[in-house]
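Quick notes on the structure that follows.
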Protein chains: 2
Amino acid sequence: MTVSVRDVAEHAGVSVGTVSNVLNGKATVRPETVERVLAAVAELGFVRNDAARQLRAGVSRSIGMIVLDAGNPFFTGLARAAEQRALAEGRAVLLANSDEQPEREALYLDLFEQQRVAGLLISPVGDAMDRLHALHGRGTPTVLVDRFSDDPGFSSVSVDDVAGGRMAAAHLLETGRRRIAFVGGPRRLRQVADRLRGARQALRGRTDASLSVLPTRALTVDDGRRAASELLRLPASDRPDAVFAANDLLAIGVLQGVLEERRVPGELAIVGYDDIPFAASMAVPLTSVRQPYARMGERAVELLEREIADPSRADREHVVFEPELVVRASSGVREPPGA
Amino acid sequence: MTVSVRDVAEHAGVSVGTVSNVLNGKATVRPETVERVLAAVAELGFVRNDAARQLRAGVSRSIGMIVLDAGNPFFTGLARAAEQRALAEGRAVLLANSDEQPEREALYLDLFEQQRVAGLLISPVGDAMDRLHALHGRGTPTVLVDRFSDDPGFSSVSVDDVAGGRMAAAHLLETGRRRIAFVGGPRRLRQVADRLRGARQALRGRTDASLSVLPTRALTVDDGRRAASELLRLPASDRPDAVFAANDLLAIGVLQGVLEERRVPGELAIVGYDDIPFAASMAVPLTSVRQPYARMGERAVELLEREIADPSRADREHVVFEPELVVRASSGVREPPGA
DNA sequence: CGACTGCGATGAATCGTTTCATCGATCGCA
DNA sequence: TGCGATCGATGAAACGATTCATCGCAGTCG
């Protein structure tokens, strides 16, 4: 049924070892022999069996990447940059989506470890550190993405989410808002917890302002809509005058839900997080905290390559990027012309 | 270094065959033996080597999926639905992004074939049919996605893009537009060619209306912006009064580029394609042609499973979904309340 | 002329799992 | 008691590519 190196060898009148050498570009084969082998490969339609190769070689040439939400442009941008960088290194990136569910994350971790991927990039759901340690200890190079690792065992690439949260809340305070609602969840996601923490820091010591928390099940547009309808059901006296959403998808959902009944930004200012490409062109352009996702993806692959090349534990590195506040109309500030 | 079944067998005091039987849930093992083996597995931290398993079994349990643009919410939605459906079947989906580039597509086709994936879902870039035939002939079950196959060799799941294009253009004509510009490319993408063809059909026989074509390099927001600046550079007499964009990303780009200088929809109506979740909440909510991506993804996996189960060539099937026009403000029609 | 060198090519051993023919023990039944 | 059937368990063979010790041969040198 399947064509193997043995068939190719026979057809070309050489040994299997020679076929393998040709396939792998070893220098010790005479040009005319190379040609004969390649002709046989083409004629028989031979396709290398990667399982057999890997079995012998020990590891694959792919790296696995597990993101929290493949539907979020932030993560697809991150993945795209990582893929680009990895292809330059001759590696493919296999993308998996944990969907913020620990079970799905576990499933893909198993899959990737069984496949003996060369390395792993992951935005952990939150309680996966034990599993990751185990996997890491068994020899899978791992880099945490969008997650600062206090753990010296892992390299990581992250953005200072506490600072980002602080910037968002400070901006709202500066522009006169006093009743801020944080919309986001689940709390086990570090990103969510940190952004909330940052917002709390900005409020610290301010007796004239308050921060309430409206938890969501996930970070999606739908959850944002649901949050909006909850906000609208509140009696006017309890209603916030600003929303800080844990990411742009939520912010967009809130915007959609609130837009018909309430004036944004007049009565309700909105700030999101991630500055996804769509944020700028919303019905009310969204103020957001920008993360340099392209550089993050590249840097993550670079750290991973370094660990793959030398798994000695000496040189773990934690790269922390600074977020940047991008002010647009949704927070009630005139959009600067040309922005 | 690595722990193998042999080590587990030794540690549990059984044979390798028994370990394998336990691992695969074969019924012929005594419960207490099962327990002993599982204990050894846990204690030694054994992780099955998928390469070896596949080598023996012949094919993997994953299916490969190659999409044109992982940054497009339409494709991520499609992939997500496919993944959901495949997980129910006990299979993982490995997602790859051809980025509309034939070379990247070829690279991932090679990768997936070498990995002997159980099946393949693909939105081909356009000129890949020869390669696909070869791969298919060598035994990889394949289903074309978002691409009607005139080719009886492949099952396919698609939307009638010609009808979609017709609907979009007809809508613009009905609402009084006469100078329509089609923005999209590259033409080798069947989706682009078909939507344009549909638009042409709607214009057929109309001497009072015209359709010009503004080609783009790809289907991205950036290309849409570029197209917008080209449109704005035209002398007023040549300027179109409507744009039909080949997908929503382009349409959003056009909207962004045009918004400051020109009134949408007054002077320029815009219709997009895909109805991605962000379309409804744009600065000017986007009229678009909706595709049922979730059902498409599910159906594609179902067709693929059928072909995996029985690769006999009798029952290729071509599922064609009907698109649906969703009218919003960007085409100059009042958005119905509550929509 | 014989020993030596280096180039090309060889093919058996190897990776870790699954499969399957086989075996020993236990049990039921005549 | 003896025979076959059943249940659990065994372990060698097989999957297909890569590796590496080895070999034949031609050319070179002393």
Side-chain angles (χ1 to χ4, degrees), chain A residues 1-38 40-41 44-62 110-111 113-118 138-140, chain B residues 1-38 40-41 44-62 110-111 113-118 138-140:
Chain A
M1 182 64 203
T2 351
V3 182
S4 78
V5 276
R6 188 154 287 110
D7 302 315
V8 173
E10 198 173 327
H11 196 265
V14 297
S15 72
V16 291
T18 300
V19 173
S20 176
N21 285 335
V22 170
L23 257 35
N24 297 310
K26 292 284 168 59
T28 65
V29 189
R30 215 168 34 183
E32 66 184 66
T33 310
V34 170
E35 207 167 325
R36 214 146 31 102
V37 171
L38 292 181
V41 166
L44 298 177
F46 167 77
V47 176
R48 212 207 237 102
N49 185 324
D50 203 48
R53 167 209 269 265
Q54 265 184 230
L55 176 56
R56 193 72 242 266
V59 300
S60 94
R61 289 160 309 145
S62 305
D110 279 345
L111 184 74
E113 189 173 11
Q114 292 185 11
Q115 293 196 352
R116 304 289 195 271
V117 291
R138 278 182 236 110
T140 303
Chain B
M1 180 68 202
T2 349
V3 182
S4 78
V5 276
R6 187 154 288 113
D7 302 315
V8 174
E10 197 173 328
H11 197 264
V14 297
S15 72
V16 292
T18 300
V19 174
S20 176
N21 285 334
V22 170
L23 256 36
N24 296 311
K26 291 284 168 58
T28 64
V29 189
R30 214 168 34 183
E32 67 184 66
T33 310
V34 170
E35 207 166 326
R36 210 144 35 100
V37 171
L38 291 181
V41 166
L44 298 176
F46 167 77
V47 176
R48 213 207 236 103
N49 184 325
D50 202 47
R53 167 210 268 265
Q54 266 184 229
L55 178 55
R56 191 72 241 261
V59 299
S60 94
R61 290 159 307 145
S62 305
D110 279 345
L111 184 73
E113 189 174 11
Q114 293 185 11
Q115 292 196 350
R116 303 288 194 273
V117 291
R138 277 183 238 111
T140 304

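Lettering follows sequence order; numbering is per chain, from 1.
Under a 3.5 Å cut-off, the side chain of Asn24(A) and the backbone N or O of Lys26(A) do not form any donor-acceptor pair. Remark: the backbone N or O of Asn49(B) is not paired with any side-chain donor or acceptor of Gln54(B) at under 3.5 angstrom. Judged by distance alone, with hydrogens and angles left aside, the side-chain atoms of Arg116(A) form no donor-acceptor pair with the main-chain N or O of Ser60(A) at under 3.5 Å.
Between Val47(B) and Val3(B), every side-chain heavy-atom pair lies at or beyond the 4.5 Å cut-off. A 4.5 Å side-chain heavy-atom check between Val8(B) and His11(B) finds every atom pair outside the cut-off. Counting only heavy atoms from C-beta outward, the side chains of Leu23(B) and Phe46(B) approach each other to under 4.5 Å.
Using a 4.0 Å heavy-atom cutoff across all strands shown, Val29(A) reaches sugar-phosphate atoms only and no base atom. Here Asp50(A) lies out of heavy-atom contact (under 4.0 Å) with every strand. Residue Val19(B) is out of contact with every strand shown, counting any heavy-atom pair closer than 4.0 Å.
The interatomic distance linking Gln54(B) (CD) with dG16(D) (C1') rounds to 13 Å, in whole Å. When rounded to the nearest whole Å, the span between CD of Glu10(B) and C1' of dG16(C) equals 15 Å.
When the side-chain nitrogen and oxygen atoms of Thr33(A) are compared with OP1 and OP2 of dA9(C), one or more of them lie within a distance under 4.0 Å. Taking side-chain N and O atoms only, Thr18(A) has no distance below 4.0 Å to OP1 or OP2 of dA9(C). Side-chain N/O atoms of Lys26(B) include none lying less than 4.0 angstrom from OP1 or OP2 on dT18(C). Within the 4.0 Å cut-off from OP1 or OP2 of dG16(C), not a single side-chain nitrogen or oxygen of Arg6(B) is found. OP1 or OP2 of dC15(D) has not a single side-chain nitrogen or oxygen of Asn49(A) nearer than 4.0 Å. Residue Arg30(B) places at least one side-chain N or O closer than 4.0 Å to OP1 or OP2 of dA9(D).
Minimum atom distance to the side chain of Asn21(B) is reached by dT10(D), of the listed dT18(C), dG11(C), dT10(D). Of the candidate nucleotides dG11(C), dT18(D), dA17(D), dG11(C) has the atom nearest to the side chain of Ser15(A). Nearest nucleotide to the Ser20(A) side chain, out of dT18(D), dT17(C), dA17(D): dT18(D).
In this structure, Leu55(B) and Arg36(B) both approach DNA chain D, and ranking their closest nucleotides by distance from the 5' end singles out Arg36(B). Between Ala57(A) and Val14(B), the residue anchored nearer the 5' end of DNA chain D, judged by the nucleotide with its closest heavy atom, is Val14(B). When each of Asn24(B) and Val16(A) is assigned the nucleotide of DNA chain C bearing its nearest heavy atom, the one mapping closer to the 5' terminus is Val16(A).
In this structure, the side chain to side chain contact (heavy atoms under 4.5 Å, CB included) partners of Arg61(B), at least two apart in sequence or on a different chain, are Gln114(A), Asp50(B), Arg53(B).
Judged by distance alone, with hydrogens and angles left aside, Arg56(B) brings a side-chain donor or acceptor within reach of the base of dT18(C), the pair sitting under 3.5 Å.
Between the axis at the start and the axis at the end of the helix from dC1(C)-dG30(D) to dA30(C)-dT1(D) there is an angle of 60°, using five pairs per end and rounding to 10 degrees.
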